[in-house]
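Here is the structure we will look at, set down as C-alpha cells.
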2 protein chains.
Amino acid sequence: MDLELVASDAQEGKKQELKLWLRLLATTKLMSQEIRRRLRREFGATLPQFDLLAQLYREKDGLRLGELSSRTMVTNGNVTGLVERLEADGTIIRERLPDDKRVTVARLSEKGRTYFEGMAEAHERWIKEMMAEVEPAVLKRLLSELGQVKESAQRHLSEED
Amino acid sequence: MDLELVASDAQEGKKQELKLWLRLLATTKLMSQEIRRRLRREFGATLPQFDLLAQLYREKDGLRLGELSSRTMVTNGNVTGLVERLEADGTIIRERLPDDKRVTVARLSEKGRTYFEGMAEAHERWIKEMMAEVEPAVLKRLLSELGQVKESAQRHLSEED
DNA sequence: GGCAATTGCTTCAGGTCTCAACGAATGTCT
DNA sequence: AGACATTCGTTGAGACCTGAAGCAATTGCC
C-alpha cells in the first residue's frame, strides 16, 4: 500500500466538501454563461426571464408575483422589475385581483406562449448537447445524489423560515 | 415488471439532462444564496469578492487583472469594478507593471491577508455544515461525475476560444 | 522607422441581484 | 369598531454581471 497516497487521501479527504462546492459553482457558471449567451443571441432574452416564463407556461391561469418569486428563487423586488420588462414587450400580462387588491397575477400572453415554446425547444436541445458526453446512467445517479446535497443544504439554512 | 414504470421511465428518460440541469441550478442557487447571506452578515463581503480574494491568496506576487478575470470566470469589465472596491477599503493593492504599462497587477495587502483567512475558515465550515448529511463516498463520486459534466459542457461551447 | 493588428484594461448601457424600508390592503384580537 | 400585525408588491441604494465600444501600450510585419 502506497503511504503517500494514503497521506494525500487523508489530506484531501478533509476538503472534499469544499472541492465539490467549487466544482458545483464552476460547472453551473460555465453552463449558465453559455445558455445566457445563446438565449441572448437567438432570442434576445435573459436566463431569469426564461426561468420566469417557464413557470408561467405551466400555469395557464397565471401566478401571483409572490409565488413566482419563491418558485424562481428570485427576490420580490427583482420579480417586480422582471415582470415590468416582460409586460412592456407584450410577453406577459399583469392584472390585479378584485378580491384582494394587494395581489397581482401575471400570465403569458398568446404571443408570449409561442415565443416561449420556441425558446424552450432550443433550450432543451442546448442542454442535451452540452451533456452529450455523459452517460445516461451517470446522469441518473447525479440527479439523485445532487438531490441529497440539496436536501442537506436545505436543512442547514440559518433562521429557517 | 411494471409497465407503468417502464412507460414513465421512457418518458422521463428523455428529459434526464434537463432535469439534471434544473437541479444543478437550484442546488447551486440555494447554497450560494446562503453563503452570500452569511458572508455579508459576518464579514460585509460578497461572494465574487471572496472568490477574487481566494485567487490572490494563493499567489503571493499577485495576479494580472486578465488572469483574475479568467480564473474567476468574471468578465474584464467586472473585474475592474471589483478590484476598485476592494482597493478602496484596503484589502488589496493595485499597481502597474513598469515593463508593460498596460498590465495591472493586484495583490493582497497584509490586512487583506488576515481578513481573508478569517473568511476562508468560516466559509469552509459553512460548506461542510451544509453538506453534512451527504456521505463521503457520495461526495467523492459527485466530484468525479460533475467533472464529467463540466468536461462535456466545455467541449460544446459555441465558438471555442 | 512606421503603421496596422493585438493585447489589457476601462467605460458604458442595460439587466439582475440582495437587502431594507415603505405603503397599501387585509386579518386578527379585544 | 379600533388598534395592531401581517401580507403583498414596489421602490431605492449598492453591487454584480454581460456585451460592446473605447483607449492606450506593445508587438509584428514590411
Side-chain angles (χ1 to χ4, degrees), chain A residues 25 28-30 32-53 62-70 72-89 91 94-106 158-159 161, chain B residues 25 28-30 32-53 62-70 72-89 91 94-106 158-159 161:
Chain A
L25 266 188
T28 307
K29 209 164 186 178
L30 182 70
S32 64
Q33 277 174 344
E34 180 68 13
I35 297 292
R36 262 180 232 278
R37 207 172 307 152
R38 296 192 188 188
L39 275 178
R40 176 183 184 69
R41 290 258 183 289
E42 307 195 14
F43 297 95
T46 67
L47 191 49
Q49 285 174 0
F50 177 75
D51 195 15
L52 193 155
L53 293 178
L63 285 171
R64 310 149 56 120
L65 299 199
E67 253 309 283
L68 264 180
S69 169
S70 64
T72 57
M73 290 203 255
V74 153
T75 50
N76 273 345
N78 205 0
V79 164
T80 298
L82 275 167
V83 165
E84 254 165 21
R85 265 165 256 133
L86 288 169
E87 190 182 29
D89 59 56
T91 311
R94 175 169 46 168
E95 40 198 10
R96 303 195 97 77
L97 268 198
D99 317 11
D100 186 339
K101 278 181 271 181
R102 287 171 306 178
V103 337
T104 305
V105 170
S158 55
E159 320 293 290
D161 30 331
Chain B
L25 265 187
T28 307
K29 209 164 185 177
L30 182 69
S32 64
Q33 276 173 343
E34 181 68 14
I35 297 292
R36 261 179 233 278
R37 208 173 307 152
R38 298 193 187 186
L39 275 177
R40 176 185 182 70
R41 290 257 183 288
E42 307 196 13
F43 297 95
T46 67
L47 191 49
Q49 285 175 2
F50 177 75
D51 195 15
L52 194 154
L53 293 178
L63 285 171
R64 307 149 59 119
L65 300 199
E67 252 310 283
L68 265 180
S69 169
S70 64
T72 56
M73 290 204 257
V74 153
T75 50
N76 275 343
N78 205 0
V79 164
T80 298
L82 275 167
V83 164
E84 254 165 20
R85 264 164 257 135
L86 287 168
E87 190 183 29
D89 58 55
T91 311
R94 175 169 46 168
E95 40 198 10
R96 301 194 100 75
L97 268 198
D99 318 10
D100 185 338
K101 278 181 270 181
R102 286 172 307 179
V103 337
T104 304
V105 170
S158 55
E159 320 292 290
D161 28 333

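So that the names make sense, note that chain A is the first sequence line, chain B the second, and so on, each numbered from 1. Quick caveat, the model's predicted, so the values are computed rather than measured.
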Sugar-phosphate, base or nothing in reach of [X], heavy atoms under 4.0 Å:
| X | answer |
| --- | --- |
| A/Glu67 | nothing |
| A/Val79 | nothing |
| A/Asp100 | sugar-phosphate |
| A/Gly66 | sugar-phosphate |
| B/Asp99 | sugar-phosphate |

[X] to [Y] - nearest heavy-atom pair and separation:
| X | Y | answer |
| --- | --- | --- |
| A/Arg96 | A/Lys101 | NE-O, 3.3 Å |
| A/Met73 | B/Gln33 | O-NE2, 3.1 Å |
| A/Ser69 | A/Thr75 | OG-C, 3.7 Å |

Nearest to the side chain of [X] - [options]?
| X | options | answer |
| --- | --- | --- |
| B/Leu82 | D/dT10, D/dC17, D/dG19 | D/dC17 |
| B/Thr80 | C/dT26, C/dC19, C/dT11 | C/dT11 |
| A/Asn78 | C/dT18, C/dG8, D/dG19 | C/dT18 |
| A/Arg102 | C/dT18, D/dA25, C/dA24 | C/dA24 |

Looking only at side-chain N and O atoms, does [X] come under 4.0 Å of OP1 or OP2 in [N]?
| X | N | value |
| --- | --- | --- |
| A/Arg41 | D/dA20 | yes |
| A/Gln49 | C/dG15 | no |
| B/Arg64 | C/dG8 | yes |
| B/Thr75 | D/dC17 | no |

Please confirm whether the backbone N or O of B/Leu47 pairs with a side-chain atom of B/Arg36, one donor and one acceptor, at under 3.5 Å? no

Where the side chain of B/Lys29 meets the backbone of A/Val74, is there a donor-acceptor pair that is under 3.5 Å apart?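 Side chain of B/Lys29 to backbone of A/Val74, a donor-acceptor pair under 3.5 Å: no, none is there.
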
Rounded to whole angstroms, how far apart are [atom1] on [X] and [atom2] on [N]?
| X | N | atom1 | atom2 | value |
| --- | --- | --- | --- | --- |
| A/Leu65 | D/dT7 | CG | P | 17 Å |
| A/Arg40 | D/dC17 | CZ | P | 16 Å |
| B/Lys101 | C/dT10 | NZ | C1' | 18 Å |
| B/Lys29 | D/dC17 | NZ | P | 14 Å |
| B/Glu95 | C/dG8 | CD | C1' | 17 Å |
| A/Arg37 | D/dA20 | CZ | P | 10 Å |
| B/Glu84 | D/dA15 | CD | P | 11 Å |
| A/Arg96 | D/dC8 | CZ | P | 13 Å |

Does a distance-only test, which skips hydrogens and angles, find a donor-acceptor pair under 3.5 Å between the side chain of B/Arg36 and the base of C/dT18? no

Want to settle it: does B/Arg94 or A/Val74 sit nearer the 5' end of DNA chain C, counting the closest nucleotide to each? B/Arg94

Relative to the 5' end of DNA chain D, which residue comes earlier, B/Pro48 or A/Asn76, by the nucleotide with the nearest heavy atom?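 Its nearest nucleotide being more 5', the pick is A/Asn76.
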
I need the B/Arg102 CZ to B/Leu65 CG distance, nearest 0.5 Å. 13.0 Å

